[in-house]
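Before any comments, here is the structure.
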Amino acid sequence: MCGIVGGIGKCDFRDYVLGGLKKLDYRGYDSAGLAYVKEGKVNLYKTPGTVEALASKVPAFEGAEIAIGHTRWATHGDPSEVNAHPQFSQGRLVYLVHNGVIENFRALKTRLKARGYSFLSQTDTEVIADVLEFHYLTNGKDALKAIRETEIDLEGSYACAIIFEGDEHLYFMKKGSPLLIGVGDKAMYLASDCLPMIKLAKSYVDLSDGDYGCLSPEGLTLYNEGRAVEPVYSERKIDDYDYDLRGYPHFMLKEIEEEPMVLSRLIDNYFDPESGEYLFDPSLLKAMKEADEIIFLACGTSHYASLYGLEFMEFYGKKASSYIASEWAYHPISLSKKPFYVLLSQSGETADLIACQKIINDEGRPNLAIVNVKDSTLSRRATYSCLIYAGLEVAVAATKSYIAQIGLMALLLGALTNSSSPVRHLEKLGEAIEDVIARKEDIHETAKKITGARDAFFVGRGSDYSAALECALKLKEISYIHAEAYAGGEIKHGPIALIEKGTPVFGLISEVDTALPLRNNIEEVKSRGAATYIVSSLSLSSGKDAFVTKDVKPYLNSFLKVVYGQYLAYYVSLEKGLPIDKPRNLAKSVTVE
Ligand code: G6P
């Protein structure tokens with residue numbers, strides 16, 4: 001959520017800032033802006049809407065010394081030009097871009113008003129600019145002192161890039177929201193993640209909470225809580241491969257089709273075929289074995305993935321539960337004596353989950369973070385951390401990370417039960433996904449039939465119900481069709497009233513015990529006018545089914561229905577001409593509550 005790009009030194013800043021903001025657009029945004037310093041003077045451009053709209057406003061600015069840019073996902077105030085970042089202070093001495101939420105901004109506003117400040121925007125960010133300016137002026141224009149004093153005043157989360165008018169440095173501060181420094185040849189950079197800098201930076205510094213400091217073209221000066229800190233430099237963070245469409249029209253399509261590769265990379269990272277041993281931390285396995293309950297916490301797609309984790313733990317004979325993080329954070333009740341928590345998150349930055357982890361850590365309970373982003377906040381704060389190695393996921397709608405999360409939990413099950421079978425099962429799953437990929441055009445044909453639908457339903461029982469939840473989420477996220485998932489038996493208890501002539505209903509069939517009752521449910525809606533599509537596993541299929549997936553191990557069969565659902569959502573969105581990789585109002589990483 002919100003993207004920050006900045007730099008100082010010798011650089012084509014127009015290209016870097018606008019191109020960088022484009023690369024961050026997967027995070028979700030609804031307005032954009034930039035500021036640059038040329039010959040000591042700050043120039044500011046902002047607009048609601050897209051980075052392209054911003055680019056059309058911004059002239060060439062060769063020779064700029066410093067630049068900052070921002071994509072804003074509105075939290076305080078509508079997505080308007082005045083609320084877009086950079087925000088500036090009343091005396092126009094401070095310009096800044098911000099990612100995060102200032103929780104005490106109302107109290108700070110009241111204090112500033114008493115000091116004669118008035119405000120142009122509805123944002124919490126403008127307040128930071130004014131607080132900075134106040135401390136700047138009361139500290140003889142010492143920018144670092146002003147930042148330190150501002151940090152003490154602020155409650156909440158922030159990653160900020162800051163320009164002080166007349167000062168030759170680019171300043172920053174960070175708490176709770178990600179910010180990364182990039183070291184270039186004749187310039188220094190900063191950004192919310194490494195994407196904008198991958199072609200320019202030779203090494204990176206991952207800022208920690210409480211870090212603040214300044215950049216000059218030659219280097220970085222870093223402080224934390226008033227003390228100088230030695231920066232820790234690391235090498236390249238991601239491969240260009242991940243941020244290259246490689247001939248695909250959309251990242252979502254590329255990422256779906258990477259799923260078999262992601263599964264085999266996951267196996268390579270967690271299983272040694274020579275010794276036949278899993279490579280999980282033995283103390284993690286011990287802690288999970290000793291727990292009397294495994295509690296999964298997650299949001300969105302990760303929550304639906306966790307439903308499989310719960311099922312796997314039940315196979316293992318462990319009591320398990322799964323909660324939506326934003327709910328659990330307000331009702332963190334566990335009746336178990338020795339709970340073990342599993343926190344699933346693609347980004348590792350989801351605010352609701354971080355709130356849960358704080359409660360868990362404060363109680364001294366062990367927790368495992370399963371994340372896709374190395375060194376993300378959740379993984380840093382967790383007792384144990386496992387990467388899912390899905391590679392950068394650019395499309396807002398999660399696809400390959402979902403499959404990798406479930407793959408990782410299947411491997412954990414293997415390690416806990418001392419069985420290498422899940423490895424073979426996942427290899428077979430990869431092959432079965434290849435088979436869905438090879439027949440994607442069949443799904444495209446079905447997608448064309450439902451593009452005009454107002455509502456759609458996905459129905460399943462058992463693990464197919466978990467798959468149905470994810471299929472419905474994908475469809476609503478990117479095609480904007482209202483989609484719901486129902487457990488087959490529930491259809492008669494209300495949802496059937498919604499069936500009209502032509503309403504698309506997808507029945508998912510992967511389990512032998514529930515295949516027949518599910519077919520009956522589909523017959524019931526069909527006789528009330530629904531346009532029904534059955535997606536079944538080969539051994540449970542009938543000649544009339546809309547799509548048939550290969551048979552894999554029963555506990556993995558329903559994932560193939562999710563791959564079907566991912567393609568369906570993709571093609572419906574494609575047919576409707578919607579922005580597939582960046583659907584309206586959504587953000588890839590939800591860093592606010
Ligand atoms: C946002 C994204 C979803 C994602 C959810 C949880 O809503 O748009 O795709 O499933 O956050 O994100 P996480 O990074 O914690 O998995």
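Indexing begins at 1, ligand by ligand and atom by atom, following the structure's order. Sequence positions, counted from 1, serve as the residue numbers for this chain. Fair warning: this is a prediction, and the values are worked out from it, not measured in the lab.
Looking at Leu353 against ligand 1, nothing comes within 4.0 Å, counting heavy atoms. The residue Leu586 has no part lying near ligand 1, judged by heavy-atom distances below 4.0 Å.
Using a 4.0 Å cut-off between a side-chain N of Lys or Arg and a carboxylate O of Asp or Glu, Glu258 and Lys254 qualify as a salt bridge. Salt bridge annotation for Lys561-Glu470: absent, with no cationic side-chain nitrogen under 4.0 angstrom from a carboxylate oxygen.
With hydrogens and angles disregarded, a donor-acceptor distance shorter than 3.5 Å links the side chain of Asn269 to the backbone of Arg265. Proximity of a side-chain donor or acceptor of Glu393 to a complementary backbone N or O of Ser401 within less than 3.5 Å is detected.
Taking a cut-off of under 4.0 Å to the non-hydrogen atoms of Thr301, the atoms of ligand 1 that pass are 10 (O). Per-residue contacts place Ser345 under 4.0 angstrom from the following atoms of ligand 1 (heavy atoms of the residue considered): 13 (P), 14 (O), 15 (O), 16 (O).
Sparse packing is recorded around NZ of Lys553, with 12 or fewer heavy atoms of other residues, nucleotides or ligands lying under 6.0 Å away.
In this structure, the ring of Phe559 has its center less than 6.0 angstrom from the ring center of Tyr308.
The aromatic rings of Tyr555 and Phe312 lie perpendicular to each other, with more than 60° between the two planes, well past the 30° mark.
Put simply, part of Glu477 is less than 4.0 Å from ligand 1, judged by heavy atoms.
Looking from atom 6 (C) of ligand 1 to the surrounding protein, the closest heavy atom is Cys299 O, 3.4 Å. Here the protein heavy atom with the shortest distance to atom 12 (O) of ligand 1 is Thr350 OG1, 3.5 Å. Closest protein heavy atom to atom 8 (O) of ligand 1: Ala587 O, 2.8 Å. Of all protein heavy atoms, the one closest to atom 16 (O) of ligand 1 is Ser302 OG, 2.6 Å. Among protein heavy atoms, the minimum distance from atom 9 (O) of ligand 1 is reached at Val396 O, 3.3 Å. Of all protein heavy atoms, the one lying nearest to atom 7 (O) of ligand 1 is Val590 CG2, 3.8 Å.
With hydrogens and angles left out, the side-chain atoms of Thr350 and Asp352 include no donor and acceptor closer than 3.5 Å.
Residue Ser347 places at least one N or O, backbone or side chain, under 3.5 Å from an N or O of ligand 1.
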